[in-house]
Amino acid sequence: MSATLASTPAADGYRMPAEFEEHAGCWMAWPERPDNWRLGAKPAREAYAVVAEAISASEPVTMAVSDEQFEDCRSVLPGAIRVVEIATDDAWMRDVGPSFVTDGRGGRRGVDWRFNAWGGLQGGLYFPWDRDERVAQKVLEIEGAARYRAPLVLEGGAIHVDGQGTVMSTEQCLLNRNRNPELSREEIEQVLFDYLGAEKMIWLDQGVVNDETDGHIDNLACFAAPGVVLLSVPEDESDPQHAISRDAQDRLEQATDARGRSIEVITLPSPGPLTITEQEAEGVDAVQGTQPRRAGDRLAASYVNFYIANRSIVFPLLDARYDQRAAEILRACFPGREPIGVPAREILLGGGNIHCITQQVPGAAG
């Protein structure tokens, strides 16, 4: 059984490694809810399967799936991908799964954040969310990793770390009143430091336009290496995202990380703007209390929403005008890792992308 610890990772000498450090594996969850995924989630499942297979060439993958979908999922995925039964409310393992921490001496534990479906009853995307709230604990049970239960509503996509003491997030998300209204900025920072083993915070302002997660950092910017950040920036200066991204770039270039390094910013082009088609919107079941999918709505598309596997970068193919350029930038940023582009519009239609549906398990020695 996985123990629940009363201390904090920082107090115990644990830290959250950067995603570009060695992995022991990756977790995902199988999509199925028809009020978020079109055509009963069948196109989304095909996209998830391609992502899982791409990652599994580099590291072990585990797919969480409901009892109802177990046989279908098992029949679709290659035998090398482990399939386990875990009930979920939706399929965003980044946000509902644990953030793993390590001590560099073979110890690996997990942080179980509180989850309220990206805003609870004040802007959240669905109700109830109790099954999602239990996912992190179940994953830690299966992994045999001790659990820290953090006193903070937070999704994994709301933070990026460099593994060397620096945390990056957006004010739009973490300071949103629908997450932790009783906590100040400084109190939120301290909880992050305590549970991530970090000591320096870099705050950006807003995330990607129309991102229903309230501006998750993992759709806007990420650490590619210590002191290096990849940032999504559209070419069109009239695009409302342009000013947001340039503000983020200014903040990053004026910041230093926990070790005193200046931040090098490398820009990735922004796809689109992309919008939901009428056919795509019609394929989603309309249910009161869940996020509507309307024709013409802007999608929060970004090439930054990729997964760093041990030997590859699995990134979303979103716009033929920019896909190849994104691949070239990623290849230059991650020597030794091959960019693998995966058709990801079906994932985007559900409200996120490849980074949002994955959660890395770091190597215990990290």
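One is the number of the first residue; the rest follow in order along the sequence. Note that this is a predicted model, so its numbers are computed, not measured.
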Worksheet item: At what distance, to the nearest 0.5 angstrom, does CD1 of I217 lie from NE2 of H160?
Response: 7.0 Å
Worksheet item: Less than 4.5 Å apart, any side-chain heavy atom of I86 and any of W27?
Response: yes
Fill in: Worked check of side-chain hydrogen bond (donor to acceptor under 3.5 Å, both in side chains) between Q279 and R38
CA-CA 10 Å; Q279 182 181 28; R38 74 189 190 100; 5.5 Å; no
Discussion item. Test side-chain hydrogen bond (donor to acceptor under 3.5 Å, both in side chains) on N36 and D90; report intermediate values, then the result.
Written reply: CA-CA 8 Å; N36 188 56; D90 205 354; 3.2 Å; yes
Worksheet item: Would a 4.5 Å heavy-atom cut-off, applied to side chains only, mark I347 and P316 as touching?
Response: no
Fill in: Test item: E187 side-chain N/O and S184 main-chain N/O as donor-acceptor pair under 3.5 Å
yes
Worksheet entry | Taking every non-hydrogen atom, the tightest pair across W129 and F127 | CZ3-CD1, 3.5 Å
Practice prompt. Would you name the heavy atoms of I55 and V314 that are closest together and state the gap between them?
Written response: CG1-CG2, 3.8 Å
Worksheet item: Have N178 and W118 got a donor and an acceptor in their side chains that come within less than 3.5 Å?
Response: no
Worksheet entry | Under-4.0 Å salt bridge between E143 and R82 | yes
Discussion item. Taking N219's backbone N and O only, do any of them form a donor-acceptor pair with S302's side chain (distance below 3.5 Å, no angle check)?
Written reply: yes
Item to complete: Answer yes when R293 and D35 have at least one side-chain N-carboxylate O distance shorter than 4.0 Å, and no when they do not.
Response: no
Worksheet, complete the sentence: Distance col, row E59:CD vs C26:SG, nearest 0.5 angstrom, shows 6.0 Å
Worksheet entry | Note: D257-R259 ion pair, threshold 4.0 Å (strictly below) | no
Worksheet item: After noting the C-alpha distance and the side-chain angles of W92 and W30, does the key distance pass the ring pair (Phe, Tyr, Trp, His ring centres under 6.0 Å) rule?
Response: CA-CA 9 Å; W92 306 103; W30 200 239; over 10 Å; no
Item to complete: Indicate yes or no: does E85 engage R74 in a salt bridge with an N to O separation below 4.0 Å.
Response: no
Worksheet item: Counting only N and O atoms by type, is there a donor-acceptor contact under 3.5 Å from the side chain of T166 to the main-chain atoms of D162?
Response: no
Discussion item. What I want to check is whether the side chains of S270 and S232 have a donor and an acceptor closer together than 3.5 Å.
Written reply: yes
Discussion item. Could you check whether any side-chain heavy atom of L204 comes within less than 4.5 Å of a side-chain heavy atom of S169, counting everything from C-beta outward?
Written reply: no
Worksheet entry | Contact check, side chains of V342 and L317, non-hydrogen atoms, under 4.5 Å | no
Item to complete: Could you tell me whether E280 and R345 make a salt bridge, using a distance below 4.0 angstrom between a side-chain N and a carboxylate O?
Response: yes
Discussion item. Show, in sequence, the C-alpha distance, side-chain angles and deciding distance for D250 and Q254, and conclude whether the side-chain contact (heavy atoms from CB on, under 4.5 Å) test is met.
Written reply: CA-CA 6 Å; D250 289 344; Q254 294 169 23; 4.1 Å; yes
Practice prompt. To the nearest 0.5 Å, tell me how far L330 CG sits from E338 CD.
Written response: 10.5 Å
Worksheet item: For T4, does its backbone N or O pair with a side-chain atom of R149 as donor and acceptor, under 3.5 Å?
Response: no
Discussion item. For the backbone of F115 and the side chain of E133, can you confirm whether one donor and one acceptor N or O come within less than 3.5 Å of each other?
Written reply: yes
Worksheet item: Does F315 share a hydrophobic cluster with L230, counting links as ILVMFWY side-chain heavy atoms below 4.5 Å and allowing steps through other members?
Response: yes
Worksheet item: How close do A87 and V135 get, heavy atom to heavy atom, and via which atoms?
Response: O-CG2, 3.9 Å
Worksheet item: Between the side chain of D211 and the main-chain N/O of D214, is any donor-acceptor distance below 3.5 Å?
Response: no
Discussion item. I'd like to know whether NZ of K200 has more than 12 heavy-atom contacts from other residues, nucleotides or ligands below 6.0 angstrom.
Written reply: yes
Worksheet item: How far does CD of Q172 sit from CG of L220, to the nearest 0.5 angstrom?
Response: 9.5 Å
Worksheet item: Charged N to carboxylate O below 4.0 Å: is that the case for R246 and E253?
Response: no
Discussion item. Run E171 and R185 through salt bridge (charged side-chain N to carboxylate O under 4.0 Å, His left out) and show every step you take.
Written reply: CA-CA 9 Å; E171 296 170 351; R185 175 196 296 255; 3.2 Å; yes
Item to complete: Evaluate the salt bridge (charged side-chain N to carboxylate O under 4.0 Å, His left out) criterion for residues R325 and E235: first the C-alpha distance (whole Å), next the side-chain angles of each, then the deciding distance (0.1 Å), finally the verdict.
Response: CA-CA 13 Å; R325 194 191 315 173; E235 293 181 339; 2.6 Å; yes
Discussion item. Membership question, hydrophobic clusters at under 4.5 Å side-chain separation (ILVMFWY): are L125 and V153 in the same one?
Written reply: no
Practice prompt. Check the hydrophobic clustering (I, L, V, M, F, W, Y; side-chain heavy atoms under 4.5 Å; chains of links allowed) and say if Y322 and I354 are grouped together.
Written response: no
Worksheet item: Given side chains that start at C-beta, do those of Y48 and I357 come closer than 4.5 Å, heavy atoms only?
Response: yes
Worksheet item: Is there a side-chain contact between S66 and E32 (heavy atoms, below 4.5 Å)?
Response: yes
Fill in: Any donor-acceptor N/O pair, N305 side chain to H355 backbone, under 3.5 Å
yes
Worksheet item: Should E19 and F223 count as side-chain neighbours, where that means a heavy-atom distance under 4.5 Å?
Response: no
Discussion item. Checking D12 against R109 for the salt bridge (charged side-chain N to carboxylate O under 4.0 Å, His left out) test, could you report, in this order, the C-alpha distance in whole Å, the side-chain angles of both residues, the deciding distance, and whether it holds?
Written reply: CA-CA 11 Å; D12 294 339; R109 299 172 177 175; 3.2 Å; yes
Practice prompt. Output the rest of the hydrophobic cluster of M16: all Ile, Leu, Val, Met, Phe, Trp and Tyr residues reachable through side-chain heavy-atom contacts under 4.5 Å, sorted by chain and number.
Written response: L5, Y14, V101, V111, W113, Y148, L152, L154, I159, V161, V167, L174, L175, L183, I188, V191, L192, F193, Y195, L196, M201, W203
Worksheet entry | Over all atoms of both residues, closest heavy-atom pair of A47 and E346 | CB-CB, 4.2 Å
Worksheet item: Are L349 and Y126 connected in the hydrophobic side-chain network, where two residues link if heavy atoms are under 4.5 Å apart?
Response: no
Fill in: Nearest non-hydrogen partners of H242 and P234, listed with the distance
CD2-O, 3.0 Å
Worksheet item: Within the side chain of S75, is there an N or O that forms a donor-acceptor pair under 3.5 Å with the backbone of D72?
Response: yes
Worksheet item: Residues in salt bridge (Lys or Arg N to Asp or Glu O under 4.0 Å) with D239, at least two apart?
Response: R298
Worksheet item: CD1 of I329 to OH of Y303: how many Å apart, nearest 0.5 Å?
Response: 10.0 Å
Worksheet entry | Linked, directly or transitively: F306 and L318 (ILVMFWY side chains, under 4.5 Å) | yes
Worksheet item: Run the salt bridge (charged side-chain N to carboxylate O under 4.0 Å, His left out) check on R179 and E155 step by step: do they pass?
Response: CA-CA 10 Å; R179 300 299 206 278; E155 309 89 38; 2.9 Å; yes
Discussion item. Rounded at 0.5 Å granularity, tell me how far CD in E328 sits from CG in D323.
Written reply: 11.0 Å
Discussion item. Against the six-membered ring of Y307, is R94 placed for a cation-pi contact (under 6.0 Å from the centre, within 45° of the normal)?
Written reply: no
Worksheet item: Looking at D130 and R134, does any basic side-chain N land under 4.0 Å from a carboxylate oxygen?
Response: yes
Discussion item. For G163, is there any backbone N or O sitting under 3.5 Å from a side-chain donor or acceptor partner on R15?
Written reply: yes
Discussion item. Could you check whether any side-chain N or O of H216 sits under 3.5 Å from a backbone N or O of E212, counting only pairs where one atom can act as donor and the other as acceptor?
Written reply: no
Worksheet item: Would a 4.5 Å heavy-atom cut-off, applied to side chains only, mark R251 and D247 as touching?
Response: yes
Worksheet, complete the sentence: Between A24 and P60 the two heavy atoms that sit nearest each other are O-CD, 3.4 Å
